[in-house]
Amino acid sequence: MTEPVADVRQYLRGLPVFAADLPGFDPGTAPERPEALFVAWLTAAVAAGVPEPHAMTLSTIGEDGDPSARVLILKNVDEHGWQFAVHAASPKGRDLTRQPAAALTFYWPAVARQIRVRGPVTAETADRSAADFLARPAGSRAEASIGRQSQILDDPHDLDVATKEAARRLEEDPGLVVPEWTLYTLRPTAVEFWQGDKQRRHTRLRYTRTTGGWHRDLLWP
Ligand SMILES: Cc1cc2nc3c(=O)[nH]c(=O)nc-3n(C[C@H](O)[C@H](O)[C@H](O)COP(=O)(O)O)c2cc1C
């Protein structure tokens with residue numbers, strides 16, 4: 001156990017931010033399209049040793065109109081958008097069915113970079129969703145096939161039983177696909193790249209979709 005914290009406010013104030021050597025970012029050299037800059041920043045994050053840079057916060061709008069956010073793995077990025085997959089019966093899956101719009105947030109502390117992506121989402125075809133499902137490791141497929149994500153777990157033993165049963169079903173039928181597994185593409189209306197700076201002269205570049213392509217603006221930090 002770590003030492004108890006007497007004064008949380010003071011403790012938080014003492015935690016460093018932007019402590020590492022930070023890369024520069026010259027928005028003047030940014031590519032025309034945001035996905036190109038995203039991939040460049042992603043590979044730079046990997047090179048800088050950022051763990052799990054493809055983990056992102058997915059924000060959705062709940063039935064009550066309030067936002068809800070959780071971390072998810074990014075599946076692909078191309079000229080069509082940012083892709084991720086969810087079980088349609090999970091809370092996030094239901095949010096997206098009801099209100100097909102989302103925001104994605106990436107934060108890579110070692111390089112002090114944040115990327116914010118927002119826009120409408122579209123469910124991909126059943127074939128594409130199935131291909132994504134089948135590309136997952138067996139354990140992840142078994143877990144998803146239980147289909148009870150975020151429901152109340154009355155007894156941890158129930159999870160063990162369901163996991164064993166799901167693994168057995170998958171062994172019997174390795175091509176099993178969960179029909180609720182849904183690959184989504186978020187087609188951004190805006191993508192913002194934020195580069196932190198030790199002196200707090202942060203650089204922000206926002207791409208906004210236009211009819212013909214992308215418009216770029218610098219933003220005040
Ligand atoms: C690094 C990381 C990666 C995760 N990846 C996924 C994922 O790919 N799919 C998923 O359903 N949940 C993933 N989770 C769990 C989600 O954050 C969340 O707890 C779960 O999806 C239930 O969310 P919901 O109740 O809003 O539907 C991940 C969590 C972390 C911390």
Side-chain angles (χ1 to χ4, degrees), residues 38-39 41-78 80-156 158-160 162-163 165-167 169-170 176-188:
F38 179 84
V39 174
W41 275 30
L42 176 71
T43 52
V46 171
V50 173
E52 299 171 19
H54 55 333
M56 61 191 184
T57 300
L58 164 73
S59 302
T60 55
I61 302 148
E63 193 171 15
D64 53 9
D66 286 347
S68 191
R70 76 292 285 156
V71 174
L72 223 63
I73 294 295
L74 176 70
K75 296 299 182 86
N76 192 27
V77 181
D78 61 19
H80 303 296
W82 274 246
Q83 287 193 324
F84 57 89
V86 305
H87 194 292
S90 69
K92 61 191 164 310
R94 283 183 275 131
D95 284 359
L96 293 170
T97 305
R98 241 183 348 254
Q99 187 129 348
L104 308 175
T105 312
F106 298 82
Y107 174 49
W108 299 325
V111 286
R113 285 178 169 176
Q114 173 185 237
I115 302 172
R116 301 165 66 184
V117 186
R118 62 197 301 261
V121 299
T122 310
E124 290 294 331
T125 60
D127 279 358
R128 285 189 188 148
S129 294
D132 177 81
F133 184 81
L134 291 170
R136 305 182 85 214
S140 306
R141 276 181 282 144
E143 186 200 14
S145 76
I146 299 171
R148 299 190 60 181
Q149 192 173 50
S150 301
Q151 291 181 13
I152 289 170
L153 176 64
D154 291 315
D155 181 348
D158 297 344
L159 174 61
D160 297 332
T163 304
E165 173 60 19
R169 273 201 310 271
L170 213 68
L176 182 138
V177 169
V178 171
E180 294 90 352
W181 191 254
T182 313
L183 182 66
Y184 274 101
T185 302
L186 186 158
R187 185 173 185 269

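For reference, positions follow the sequence shown, starting with 1. Indexing begins at 1, ligand by ligand and atom by atom, following the structure's order.
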- Is the cationic atom of Arg113 (NZ for Lys, CZ for Arg) positioned less than 6.0 Å from the six-membered ring centroid of Trp108 and within 45 degrees of its normal? no
- Message: Looking at Arg70 and Leu58, would you say the former's side chain and the latter's main chain have a donor-acceptor pair under 3.5 Å?
- Response: yes
- Task: State whether the side chain of Thr97 and the backbone N or O of Gly93 hold a donor-acceptor pair below 3.5 Å, judged by distance alone.
- Result: yes
- Message: Tell me if the aromatic rings of Trp82 and Phe38 count as close, with their centers under 6.0 Å from one another.
- Response: yes
- Query: Does an N or O anywhere in Glu52 fall below 3.5 Å from an N or O of ligand 1?
  - Reply: no
- Query: Looking only at non-hydrogen atoms, which of Met56, Lys92, Arg70 approaches atom 27 (O) of ligand 1 most closely?
  - Reply: Lys92
- Note the single closest protein heavy atom to atom 11 (O) of ligand 1, along with its residue, its atom name and the distance in Å. Gln149 NE2, 3.1 Å
- How close do Glu124 and Ser129 get, heavy atom to heavy atom, and via which atoms? O-OG, 3.9 Å
- Item | ligand 1 contacted by Leu72 (non-hydrogen, < 4.0 Å) | yes
- Applying a 4.0 Å heavy-atom criterion (strictly less than), which segment of Pro91 is in contact with ligand 1: side chain, backbone, both, or neither? both
- Mark yes or no for whether Arg141, through its side chain, and Arg136, through its backbone, hold a donor-acceptor pair below 3.5 Å. yes
- Message: Using a 3.5 Å cut-off on N or O atoms only, is Ser150 in polar contact with ligand 1?
- Response: yes
- Compare Asp95, Ile73, Val71 and give the one whose heavy atom is closest to atom 28 (C) of ligand 1. Val71
